[in-house]
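All of these numbers come straight from a predicted model, not from anything done at the bench. Just so we're on the same page: letters track the sequence lines, and every chain starts at 1.
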2 protein chains.
Amino acid sequence: MTTDPARPVRRLPRAERRAQILEAATRAFARAGYTATGLGDVAAEAGVTQVLLYRHFASKSDLYRAVLDRACTRLAEAVGTDHFDDTSLPTLLRAAAADPEGFRLLFRHAAKEPEFRDVIEGLRAGSTEVTRRHLAERVPGGPWQDWAARLVPVVTLEAVIAWLDAGQPDPDRAAERIRQVVHSVIEAASRPG
Amino acid sequence: MTTDPARPVRRLPRAERRAQILEAATRAFARAGYTATGLGDVAAEAGVTQVLLYRHFASKSDLYRAVLDRACTRLAEAVGTDHFDDTSLPTLLRAAAADPEGFRLLFRHAAKEPEFRDVIEGLRAGSTEVTRRHLAERVPGGPWQDWAARLVPVVTLEAVIAWLDAGQPDPDRAAERIRQVVHSVIEAASRPG
DNA sequence: ACCGTTGTTTAAGTCGAATTATACAAGATG
DNA sequence: CATCTTGTATAATTCGACTTAAACAACGGT
């Protein structure tokens with residue numbers, strides 16, 4: 001029950017400590033989501049006292065928002081928000097590989113916490129809009145367009161996460177294969193009865 | 001701030017009340033998961049007092065387990081657990097349509113609550129096993145087999161959920177289209193570099 | 001009419017997690 | 001050295017949510 005005998009007490013300049021806490025909190029929250037993760041878990045993950053968290057963030061929900069903002073920002077900077085072309089999928093894979101925990105956090109957990117849905121709304125709306133534009137060319141309006149519009153982003157994200165879980169083999173090939181799967185969703189939705 | 005003036009107090013035989021609470025709890029928990037949903041939410045959804053919940057279930061976690069068991073049982077009875085053939089997809093769609101909230105609860109929320117992972121483990125293990133069997137015929141072992149094995153069940157479930165969200169159009173066509181998408185995942189994984 | 005069952009209402013007890021307060025230790029730096 | 005900053009340790013406080021207790025109301029069958 002003894003703590004490590006002589007821990008030198010890691011001191012960091014304020015900004016770096018803040019960044020380190022954000023990374024640790026991302027990992028911690030990515031495991032079980034907001035409500036199920038205590039500040040104790042976050043503090044332990046950061047190797048730091050609970051009290052110190054309050055020297056950097058006003059509250060648990062403040063900290064969580066900062067984590068989500070960081071993940072959003074990194075993703076947006078990498079992928080961009082306006083267009084969708086041949087480079088988008090490879091870029092998305094690179095971004096996911098650069099920040100796997102943030103990626104999982106955003107798309108597996110944050111989407112559900114009702115209190116923070118607004119943070120995700122931008123991403124979700126953007127991808128849905130882009131998807132609609134792509135679909136409109138080939139899929140007539142109606143329930144099957146709805147089906148495809150809902151499924152394409154989810155399938156893309158799940159394919160990326162599965163790729164992360166599988167060890168991130170061969171990014172270029174991954175992009176091409178995910179494209180094929182997405183294409184088959186559109187194909188399936190556009191095929192007449 | 002007055003409650004509805006003359007509520008007749010709905011009385012039900014014990015078994016029916018229990019069933020009704022289970023239905024209501026399924027809806028409530030399906031919205032935000034276990035930890036984020038309070039017994040107050042469940043009681044409100046059931047149109048019943050919080051205290052009454054304890055006359056039917058020993059605790060919140062007991063209630064949740066009962067909800068998960070019910071959803072699992074209904075699904076297993078409908079789909080079966082041992083084989084996978086041409087009838088599985090249509091059957092899965094029928095089962096999902098018969099219990100949409102239970103379906104969403106099992107596959108969107110319960111998979112993450114660490115305390116209840118064991119309930120899902122059977123389903124997850126079964127579907128993964130079946131998926132592996134299908135994949136082994138065409139996809140060589142390695143990271144891409146892993147990728148496909150992880151992706152196929154998720155894509156199937158997400159496709160079903162998207163179909164629920166889109167208004168459950170034309171179940172037979174839906175089964176055929178989901179089959180195409182799943183096939184394209186296997187195709188993508190098995191294609192050589 | 002009696003009594004068990006199904007409910008409600010209200011209040012109290014319990015418990016864990018968030019938050020705040022205080023005192024102390026030690027590196028950095030002018 | 002004096003002092004500011006970073007950090008710890010410990011404890012108190014708050015607060016919400018689960019849980020239990022107690023007393024009362026009405027329906028329904030025998």
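- OP1 or OP2 of dT8(C) sits under 4.0 Å from a side-chain N or O of Thr49(B).
- Straight-line distance from the CZ atom of Phe57(A) to the P atom of dT20(C): 15 Å, rounded to whole Å.
- Between His56(A) atom NE2 and dT6(D) atom C1' the separation is 8 Å, expressed in whole Å.
- The distance between atom NZ of Lys60(B) and atom P of dA17(D), rounded to the nearest whole Å, is 9 Å.
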> Can Val155(B) and Ile178(B) be said to form a side-chain contact (heavy atoms from CB on, under 4.5 Å), step by step?
Replying inline: CA-CA 9 Å; Val155(B) 163; Ile178(B) 294 174; over 6 Å; no

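- Of all nucleotides listed (dG7(D), dT19(C), dC18(D)), dG7(D) comes nearest to the side chain of Leu52(A).
- A salt bridge does not link Glu187(B) to Arg138(B): none of the charged side-chain nitrogens sits closer than 4.0 Å to a carboxylate oxygen.
- Ion pairing between Arg108(B) and Glu158(B) holds under the 4.0 Å rule for side-chain N and carboxylate O.
- Across Arg94(A), Arg74(A), Arg104(A), Arg27(A), a single residue satisfies salt bridge (charged side-chain N to carboxylate O under 4.0 Å, His left out) together with Asp99(A), and that is Arg74(A).
- Ring planes of Tyr64(B) and Tyr34(B): tilted class, angle from 30 to 60°.
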Residues 140-150 of chain A, side-chain donor-acceptor partners within the protein, below 3.5 Å, at least two apart:
residue   : atom : partner   : partner atom : Å
Gln145(A) : OE1  : Arg132(A) : NH1          : 2.9
Gln145(A) : NE2  : Val139(A) : O            : 3.2
Asp146(A) : OD1  : Arg132(A) : NH2          : 3.3
Trp147(A) : NE1  : Ala159(B) : O            : 3.1

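- Rounding to whole angstrom units, CZ of residue Arg10(B) and C1' of dG28(D) are separated by 16 Å.
- One can place OH of Tyr54(A) at 12 Å from P of dA21(C), the figure rounded to the nearest angstrom.
- For residues 12-25 of chain A, proximity to DNA chain C is found at no residue, defined as any non-hydrogen atom under 4.0 angstrom from a strand atom.
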> Should Glu45(B) and Arg31(B) be marked as a salt bridge (charged side-chain N to carboxylate O under 4.0 Å, His left out) after you check the CA-CA gap, both sets of side-chain angles, and the distance that decides it?
Replying inline: CA-CA 11 Å; Glu45(B) 182 72 34; Arg31(B) 280 199 290 269; 3.1 Å; yes

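- Partner of Ile21(B) under the side chain to side chain contact (heavy atoms under 4.5 Å, CB included) criterion, out of Arg17(B), Arg18(B), Glu23(B): Arg17(B) alone.
- Atom CG of Leu39(B) and atom C1' of dT14(C) are 15 Å apart (whole Å).
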Protein and nucleotides 22-27 of chain D: nitrogen or oxygen contacts under 3.5 angstrom:
residue : atom : partner  : partner atom : Å
dA26(D) : N3   : Arg11(B) : NH1          : 3.3

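- Note: the hydrophobic cluster containing Leu75(A) also contains Leu22(A) (ILVMFWY, side chain heavy atoms under 4.5 Å, direct or indirect links).
- For the pair Gln50(A) CD and dT10(D) C1', the computed distance is 12 Å after rounding to whole Å.
- The residue Thr35(A) sits apart from the nucleic acid: no heavy atom pair falls under 4.0 Å.
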